[in-house]
Amino acid sequence: MSVSLKARREKLRDSAYSIGGLVLMQAAAQLLLYPLLARIMGEVRYGELQYLMAFVNIATVSVGTAANLSRITAPREEREGAGGAYNRFLLTVALLGIPLCLLIWRFGGVAMDPLTAFTYYLVFVAMAFRYYADVIYKITLSYRRYFLYYLIIGTGYVLGALLFCGTGLWPLAILTGEAAGVAFAYLTEGGLRGSEKNAVPLEKSTLRALLILCLSEGVANLILNADRLLLKLLVGSAAVTVYYLSTLVGKTMSLLSTPLSGVLLGHLARYEGGLRRRALRWILPGSLAAILLGTGAATLGGYVMLRWLYPAELDAVLPYLLYGSLAEVLYFTTTVLTALLARFGKKRHQIYVNGLFALCFVGLGIPATLLYDVRGFAVAAVIAGTLRWLAALLLLFFTAKE
């Protein structure tokens, strides 16, 4: 077997393990946990849940993802030995989350008792570490353990659904899966915990890059979750549920960008060459094909899932299904492209891409929602996502060498 054929098979196998684990996790979340929560909580309360989870996604998920991306793209010594430094950074963010969660509890516009508010804060902490923790499998290329990592999270979601039925605490349903994944990773991977013997501090340049990535991911997740925030504030909790369900399969597909980007970065971290412009001959049509095929699959899959899991909401959601699917697939595709920018370009390129996304989304989204309700919001999301995709392609072109 030739070396190139063997390498391609290894990459295909790595992708299969990564995607397989994530599909199992998402099946537990999207086919069991969230439909159960929606059915028991009702349209308005479920919209409030999605609204509150938007703050988690914007804050600590962004930090966890940024730490993950920072470590995998760091110089080899820091990539392999700076586990303790990244853990201290995440713990600092977890402490800063206390006043943020208190503000959300008191002024977020959703009633929570103290126990619900406390478990909600624990979700904040767990998701920061969960989105960071899989970096160790990208560094070591241990994709079988990557599969187990997501399988354990999915199993935790199933257990969380049972705990929700017994306690009525919706954050506990999510926390169980997130905490199970974090516990598995930190208990089995010494490189994730870090050791004093081989400890490596973060260089100033790496820390600066980490903070830039936190800002970039925060902006991207702010826009990705703006449907929940803007629709809750401008229209109401029921509108949050309607638009969220229109993006359901698209959001699930968009999460595939995490393992795909991880596999890509895991191999590119060992690649010493640069990006050539001839590669863009494949990247441009490939990403366009992914957008068209992904949107078709997400729209059809969304219709089937709505009829099966959310029949009561089908008529309300159907007019926005194509818009929501396209917006999410655009986000998914561009996230893979920005992984290339993170490796071959400058870290600030992600801020440019996501900053343009934010400006277009807010500039179009707020007036469109006020004028045309959920439909205006959906159209604005598609326009902003298209501009983000084009901006990423343009920066890749200028980054690539002749």
Side-chain angles (χ1 to χ4, degrees), residues 19-20 22-47 49-51 53-54 57 154 157 161 223-228 230-232 235-258 260 287-336 365 368-369 372-386 389:
I19 294 172
L22 188 60
V23 166
L24 289 175
M25 182 192 77
Q26 286 300 315
Q30 303 298 347
L31 300 182
L32 174 65
L33 179 60
Y34 285 109
L36 177 67
L37 290 169
R39 194 165 301 165
I40 293 176
M41 298 177 74
E43 190 176 75
V44 173
R45 286 190 63 213
Y46 185 69
L49 178 155
Q50 293 297 338
Y51 165 72
M53 286 303 297
N57 293 331
Y157 284 154
I223 303 306
L224 183 62
N225 292 274
D227 55 342
R228 312 179 199 189
L230 288 180
L231 290 173
K232 170 70 167 63
V235 184
S237 296
V240 176
T241 299
V242 168
Y243 186 76
Y244 174 77
L245 291 178
S246 77
T247 65
L248 187 59
V249 173
K251 282 186 184 296
T252 303
M253 290 178 64
S254 72
L255 291 172
L256 294 176
S257 62
T258 302
L260 284 176
S287 63
L288 180 59
I291 291 168
L292 296 175
L293 294 174
T295 301
T299 304
L300 179 60
Y303 179 77
V304 172
M305 185 171 286
L306 286 167
R307 286 193 66 87
W308 178 31
L309 298 174
Y310 301 92
E313 291 82 11
L314 177 62
D315 290 339
V317 175
L318 208 53
Y320 316 111
L321 186 57
L322 177 60
Y323 297 112
S325 298
L326 177 55
E328 293 300 325
V329 172
L330 280 165
Y331 188 88
F332 152 75
T333 306
T334 309
T335 297
V336 176
T369 305
Y372 302 106
D373 205 68
V374 180
R375 186 179 298 276
F377 181 89
V379 172
V382 170
I383 294 172
T386 302
W389 171 62

Q.
Using 0.5 Å steps for rounding, measure from the CG atom of Leu326 to the OG1 atom of Thr247.
A. 12.5 Å

**Q.** Partner set under ring pair (Phe, Tyr, Trp, His ring centres under 6.0 Å) for Tyr243, not counting sequence neighbours
**A.** Phe377

Q. Distance from Leu330 atom CG to Thr386 atom OG1, nearest 0.5 Å?
A. 4.5 Å

Q) Out of curiosity, Leu230 CG to Thr369 OG1, how far, rounded to the nearest 0.5 Å? A) 6.0 Å

Q. How far apart are the closest heavy atoms of Gly154 and Ala28, and which atoms are they?
A. O-CB, 3.3 Å

Q.
Tell me the closest heavy-atom pair linking Gln30 and Pro35, and the distance in Å.
A. O-CG, 3.0 Å

All N/O donor-acceptor pairs, side-chain side in residues 300-320, below 3.5 Å, sequence neighbours left out:
{"unit_1": "Tyr303", "atom_1": "OH", "unit_2": "Arg307", "atom_2": "NH1", "d": "3.4"}

Q | Minimum heavy-atom distance Gly376-Ala368, with the two atoms named | A | O-CB, 3.3 Å

Q.
Rounded at 0.5 Å granularity, tell me how far OH in Tyr323 sits from OG1 in Thr299.
A. 11.5 Å

Q: State whether the number of non-hydrogen atoms from other residues, nucleotides or ligands found under 6.0 Å of Tyr51 atom OH is greater than 12.
A: yes

Q | Which residues share a side chain to side chain contact (heavy atoms under 4.5 Å, CB included) with Ser237, sequence neighbours left out | A | Val44, Glu48, Lys232

Q) Could you state the interatomic distance from CG (Leu32) to OH (Tyr157), rounded to the nearest 0.5 Å? A) 12.0 Å

Q. Can you name the closest pair of heavy atoms from Val329 and Ala290 and give their distance?
A. CG1-O, 3.8 Å

Q) To the nearest 0.5 Å, how far apart are OG1 in Thr295 and CD1 in Ile291? A) 7.0 Å

Q.
How close do Ala381 and Ala327 get, counting heavy atoms only, and between which atoms?
A. CB-CB, 4.0 Å

(Q) Applying the side chain to side chain contact (heavy atoms under 4.5 Å, CB included) criterion to Asp373, which one of Leu231, Val242, Val235 satisfies it? (A) Val235

